[in-house]
Colleague: 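Below you'll find the structure I mean.
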Amino acid sequence: MAGAVAAPVPVPATITTASAPVQPQHSPASPGNLGGAVFALVLVVGLILLLSWLARRMPGLGGRGANPALRIVGSLALGPRDRLVVVEIGATQLLLGVGAGGTRTLHTLDQPLPTLAAKPAPAFAQVLAQHFGKKTP
């Protein structure tokens with residue numbers, strides 16, 4: 001059949017129903033999710049700082065001032081696990097050997113080691129510049 005025109009295909013009518021409006025999808029980077037993540041991060045960092053502050057002030061946890069009568073005067077690493085440590089107990093200084101086999105008293109010093117004047121810690125900018133090889137003013 002030449003010249004015959006095909007009949008149009010009927011298109012089904014759309015059915016409308018009275019349903020609830022469709023909620024838009026929120027992206028993972030929406031302001032509500034981002035605010036919650038920032039709050040959680042601040043909470044965790046604050047908890048870490050609080051626990052470190054408490055650990056420094058509690059006796060027996062290795063913080064500063066655990067026992068004012070004991071003081072480490074100096075230390076020298078001899079290997080990955082071995083070191084020499086000079087400990088001051090009251091007015092007496094002991095030379096201790098500390099290693100994997102334990103701690104041993106090597107010598108009781110007759111005269112205390114001279115204390116060197118403590119150098120002030122360098123500023124962070126100077127340490128960073130020195131690390132990257134830049135000159136500081």
Colleague: Other than Val42, which residues form its hydrophobic cluster under the rule that side-chain heavy atoms must be closer than 4.5 Å?
Modeller: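 Besides Val42, the cluster holds Val38.
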Colleague: What residues join Leu43 in its hydrophobic cluster, counting side-chain heavy atom gaps under 4.5 Å, either direct or through other members?
Modeller: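 Traced through the cluster, Leu43 reaches no other member.
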Colleague: Which pairs pass salt bridge (charged side-chain N to carboxylate O under 4.0 Å, His left out) with one or both residues in residues 89-105, sequence neighbours excluded?
Modeller: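 Listed by first then second residue: nothing to list.
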Colleague: Among residues at least two apart in sequence or on other chains, which ones pass side-chain hydrogen bond (donor to acceptor under 3.5 Å, both in side chains) with Thr103?
Modeller: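 So Thr103 forms no side-chain hydrogen bond (donor to acceptor under 3.5 Å, both in side chains) with any residue.
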Colleague: Got a sec, which residues hit salt bridge (charged side-chain N to carboxylate O under 4.0 Å, His left out) with Arg71, two or more places apart in sequence or on another chain?
Modeller: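 Applying salt bridge (charged side-chain N to carboxylate O under 4.0 Å, His left out) to Arg71 gives Glu88.
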Colleague: Heavy atoms only: give me the nearest Gln93-Pro112 pair and the separation to one decimal.
Modeller: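 Of all heavy-atom pairs spanning Gln93 and Pro112, the closest is OE1-CA, 3.2 Å.
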Colleague: Any chance you could pull the hydrophobic cluster mates of Leu95, using side-chain heavy atoms under 4.5 angstrom and chaining through other members?
Modeller: Val73, Leu76, Leu78, Leu84, Val86, Leu106, Leu109, Leu113
Colleague: With sequence neighbours left out, which residue pairs that include part of residues 38-54 fulfil the salt bridge (charged side-chain N to carboxylate O under 4.0 Å, His left out) condition?
Modeller: none
Colleague: Would you please name every residue forming a side-chain contact (heavy atoms from CB on, under 4.5 Å) with Leu49, sequence neighbours left out?
Modeller: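 Leu49: side-chain contact (heavy atoms from CB on, under 4.5 Å) contacts with Val45.
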Colleague: Under a single-linkage rule joining Ile, Leu, Val, Met, Phe, Trp and Tyr whose side-chain heavy atoms are separated by less than 4.5 Å, which residues share a cluster with Leu94?
Modeller: Leu70, Ile72, Val85, Val87, Ile89, Leu96, Val98
